[in-house]
Amino acid sequence: MSAITVRLPDGSSKELDGDVSAGALAQSIGSGLARAAVAAVVDGAEVDLSTELADGAEVSIVTAATPAGRDVIRHSTAHVLAQAVLRLWPGARYAIGPAIEDGFYYDFELPGGAHFSDDDLARIDAAMREIIAEDQSFVRSEHSIEDALDVFVDQPFKREIIEAVRDGADEHDAAAHSDDADRAISAYANGADFIDLCRGPHVPSTGRLGHFKLTRVAGAYWRGDEKRPQLQRIYGTAWESAKALAEHLHRLEEAERRDHRKLGAELDLFSFPDEIGSGLPVFHPRGGIIRRLMEDYSRERHASGGYEFVYTPHITKRELFEISGHLQSFADGMFPPMELDGGHEYYLKPMNCPFHILVYRSRQRSYRELPMRLFEFGAVYRYELSGVIHGLTRVRGLTMDDSHIFCTADQVPDELRFLLFFVLDLLREFGLSDFHLELSTRPEDKAFGTDEEWAVATEALRVAAQSAELELVMDEGGGAFYGPKISVQARDAIGRTHQMSTIQLDFQLPQRFGLEYVGADNGRHRPVMIHRALFGSVERFMAILLEHYAGALPTWLMPEQVRVLPVKGDIEPYAKTVVARLVAAGLRASVEAADSGVGARVARAKVQKIPYVLVVGDSDVAATTVGVNRRGSNDPERDVPLDRFVEDVAAEVAARGAGPQPEGVEPGE
RNA sequence: GCCUGGGUAGCUCAGCCGGUAGAGCAGCGCAUUCGUAAUGCGCAGGUCAGGGGUUCGAGUCCCCUCCCAGGCUCCA
């Protein structure tokens, strides 16, 4: 064994003698790095720490608390999961077990078609911890195809994967794996009882694992194909430290606490009656207030933004969607037709655009009328598969704040910029502030419109996006066949990204409907059409706001802004005058009579996330004051003059401020 | 749509090997009149999602339907 020299990421070199493994390199750099190391990257390829380094290799160490390091930990934990399941269910077949975002899974077929239960998760967890305590080494081996088929003779899923590699079904993968090993198959064994087909790398031994939790069991098709066997999948999460695991679990709890479906029931906002059907919500009075405020404010802004309001029906004859092309490309997403008037088929509308087009086309248009911005809160119905329906975010009946803009080609750049600033401004008013933009360009295959139209429109979108001074992510080839689009992505208070508004150019519909305007040259021209959704759907936007604010909506959107609690019965008349003052100032307020203790009533009001709870007693009657409890504070402010309180809250509402927020809720702006 | 797991009082849930339904909260009534996170007592509340079957007997076992949750492209 002679000394070798390897190069490190910082450009320096390191000489190794004797043990020339990647792990030894980490150790020679520092014991801290060695402890954190889980794998290495040698000349661009991820490898095990046990890999012997060649002279001149370029090496970096993969540490646990990095995306790549967590992948290794998760993938290794998935192996231990499979090993535990095979110990507990001899004869079980195991399929695939990759690392995924925040965790891992493994798919199994149990003997006799058995399936996992929640109790099993605890047993598997215990078996996994035994394997980890045994600190088994992960040992890599390489096999020829024939040899590998032999090793996995009782494992049909593994054999299928090996055969796929042999038959070159996995062409570029095999190439990336090794050019010269003649399609070698690698496997990792740990302990005497477990070997799994695997590309690696893995942590050196199972003792490096342990900060994991099995989360749920689910069914999943082999290779995601519903025609193939359904396997039993176990999901888990794994992290580099107990702290990181605890933080992840806390994030999950936080997301659950904010779940708009839960908040909707708790705050009495909306429900999904079985009698109506899946994905079809009803809004209760309190939810109705929020919705009306959202819509009213949106209308106000649209009116001052030069939009014109139109109203169109919910159903239409088949012909309209034939002209628009929706029936040809979108029929699966539409409710089936109803037959009326002796054989005419009528459809519930899944989109508003064709209707707005007919408004445009109702008479001859002049260039002087353009840009024409038509706006409608349009109720649309889409037949979503029952399995994908989710709360208010994926429904079968929804209300789009839909706008269609008709303009001349020359007007497109200015109009796009106008639209983008309009939507960003309104989203900010609702407290979302962390945006980025995504620009979807022409798809590879068939696309409507000429190359030049696409180039001009895409460039106009790019210029508009850049003028907004937000991060712009390109989605090359991600546009629809009928035109490029820009979408606004918003990050919420717990870091999730939601697609909000979209601005989409359409080269197809103006042509399909033969739209025209008469230009200054007295000639006929085709207008450009822009689709613009702002909230997207009012229902979904409400859900996003509820989760963003964890139910503690800004005061201006809260159904009940102030609740007044008289400490005892004879204070009630004063409490009523306080409410009258608040109502006169345009606020929504109520009294809760002294039928139960002040403590109990304050507790209830806090659960309901009322922004201001006023407690009034004898001293307040005497001095015309109130005791103010702000949402999120446990420190009441006594003897606040009523006049000042009314003035402050009215000003806050007028400014659409976030209002007092509970701890842990980001108020947005 | 398919798979897994669910559906018991308005809500959250308990209900064992099949023997005739239970708690907390909410609601209603009475008492309490209270100064900041839940006052006491009482009452009422159920087609155990719906339908069919097995059984002397079904919330419980079997089948169908509806509804809910999670998953079903992240390639060893």
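Everything numeric in this text was worked out from a predicted model, so none of it was measured. Convention: sequence-line order gives letters A, B, ...; per-chain numbering from 1. Values below: all heavy atoms of this structure, side chains included; hydrogens, waters and symmetry mates excluded.
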Between the CG atom in A:D125 and the CZ atom in A:F212, the distance rounded to the nearest 0.5 Å is 4.5 Å
It should be established whether A:R604 places a side-chain nitrogen or oxygen under 4.0 Å from OP1 or OP2 of nucleotide B:rG27.
no
Going by purine N1 to pyrimidine N3 plus the second Watson-Crick contact, or the G-U wobble pair, all under 3.5 Å, which nucleotide sits opposite B:rG59?
none
Whole-Å gap separating P (B:rA37) and CD (A:E592)
15 Å
In Watson-Crick or G-U wobble terms, both distances under 3.5 Å, what is the partner of B:rC43?
B:rG27
What integer number of Å spans the C1' atoms of B:rG57 and B:rG19?
7 Å
Out of B:rC74, B:rG35, B:rA38, which has the shortest distance to the side chain of A:V567?
B:rG35
Quiz question: by atom type and distance under 3.5 Å, do the side chains of A:Y612 and A:D648 form a donor-acceptor pair?
no
For A:W222 and B:rG71, give me the distance from atom CH2 to atom C1', rounded to whole Å.
17 Å
Is there a Watson-Crick or G-U wobble partner for B:rC16 with both distances under 3.5 Å, and which nucleotide is it?
none
CD of A:E160 versus P of B:rC75: gap in Å, rounded?
16 Å
Base, sugar-phosphate or nothing for A:G103? Non-hydrogen atoms, less than 4.0 Å.
nothing
Heavy atoms under 4.0 Å, any strand shown: does A:V613 hit a base, just sugar-phosphate, or nothing?
nothing
Opposite nucleotide pairing with B:rA69, Watson-Crick or G-U, both atom distances under 3.5 Å:
B:rU4
Between B:rA69 and A:R261, is there an OP1 or OP2 to side-chain N/O distance shorter than 4.0 Å?
yes
Of the listed B:rA38, B:rG35, B:rU33, the closest approach to the A:V607 side chain comes from B:rA38
Quick one: is A:S278 getting a side-chain N or O under 4.0 Å of the B:rC68 phosphate, OP1 or OP2?
yes
When you check the phosphate oxygens OP1 and OP2 of B:rC68, does a side-chain N or O of A:H390 lie under 4.0 Å from one of them?
no
A:L565 atom CG is separated from B:rU36 atom C1', nearest whole Å, by 9 Å
I'd like to know if A:R638 and A:D620 make a salt bridge, using a cut-off of under 4.0 Å between side-chain N and carboxylate O.
no
With heavy atoms under 4.0 Å as the rule, sort A:D570 into base, sugar-phosphate or nothing.
nothing
Carefully, step by step, assess A:I96 and A:F157 under the rule side-chain contact (heavy atoms from CB on, under 4.5 Å).
CA-CA 8 Å; A:I96 59 170; A:F157 301 110; over 6 Å; no
Going by distance alone, is a donor N or O of one side chain under 3.5 Å from an acceptor N or O of the other, for A:E109 and A:W222?
no
Using a 4.0 Å heavy-atom cut-off across all strands, classify A:G617 as base, sugar-phosphate, or nothing.
base
Please name the nucleotide paired to B:rA9 by Watson-Crick or G-U wobble geometry with both distances under 3.5 Å, or report none.
none
Given the C1' atoms of B:rA14 and B:rG51, what is the spacing between them in whole Å?
27 Å
If anything within 90° of 0 is syn and all else is anti, what is B:rC48?
anti
Sort out the partner of B:rC75 for me: Watson-Crick or G-U wobble, both distances under 3.5 Å, none otherwise.
none
When you measure only distances, ignoring hydrogens and angles, does the side chain of A:D620 come within 3.5 Å of the base of B:rG35 through a donor and an acceptor?
yes
How far, in whole Å, is B:rG10 from B:rG6 if one measures between their P atoms?
23 Å
Nearest to the side chain of A:R233 - B:rC72, B:rU33, B:rA38?
B:rC72
With P as the reference atom in both, quote the distance from B:rA69 to B:rA23 in angstrom, rounded to an integer.
30 Å
If I pick the C1' atom on B:rG5 and the same atom on B:rA9, what distance separates them, to the nearest angstrom?
24 Å
In whole Å, measure the gap between the C1' atoms of B:rU36 and B:rG42 for me.
28 Å
Using the P atom as the reference point in each nucleotide, state the distance between B:rC34 and B:rG15 in Å, no decimals.
44 Å
Euclidean distance for C1', B:rA49 against B:rG7 (whole angstrom)
6 Å
Winner on side-chain proximity to A:Y235, out of B:rA38, B:rG71, B:rU36, is B:rG71
OP1, OP2 of B:rU73 versus side-chain N and O of A:Y105: anything below 4.0 Å?
no
Which is more 5' along RNA chain B, the nucleotide nearest A:V615 or the one nearest A:E384? Just name the residue.
A:E384
Can you tell me the Watson-Crick or wobble partner of B:rU36, both distances under 3.5 angstrom?
none
Heavy atoms only, 4.0 Å cut-off, all strands: where does A:I162 land among base, sugar-phosphate and nothing?
nothing
Out of A:Y105, A:F108, A:F194, which one pairs with A:Y94 under the ring pair (Phe, Tyr, Trp, His ring centres under 6.0 Å) rule?
A:F194
Whole Å only: how far is the CD1 atom of A:I96 from the P atom of B:rC74?
6 Å
Most 5' of A:A603 and A:R396 on RNA chain B, judged by nearest nucleotide:
A:R396
Round to a whole Å and report the spacing from CZ of A:R631 to P of B:rA37.
18 Å
In terms of relative ring orientation, are A:Y383 and A:F335 parallel, tilted or perpendicular, with 30° and 60° separating the classes?
perpendicular
Are A:R581 and A:D643 close enough for a salt bridge, meaning some N to O gap below 4.0 Å?
yes
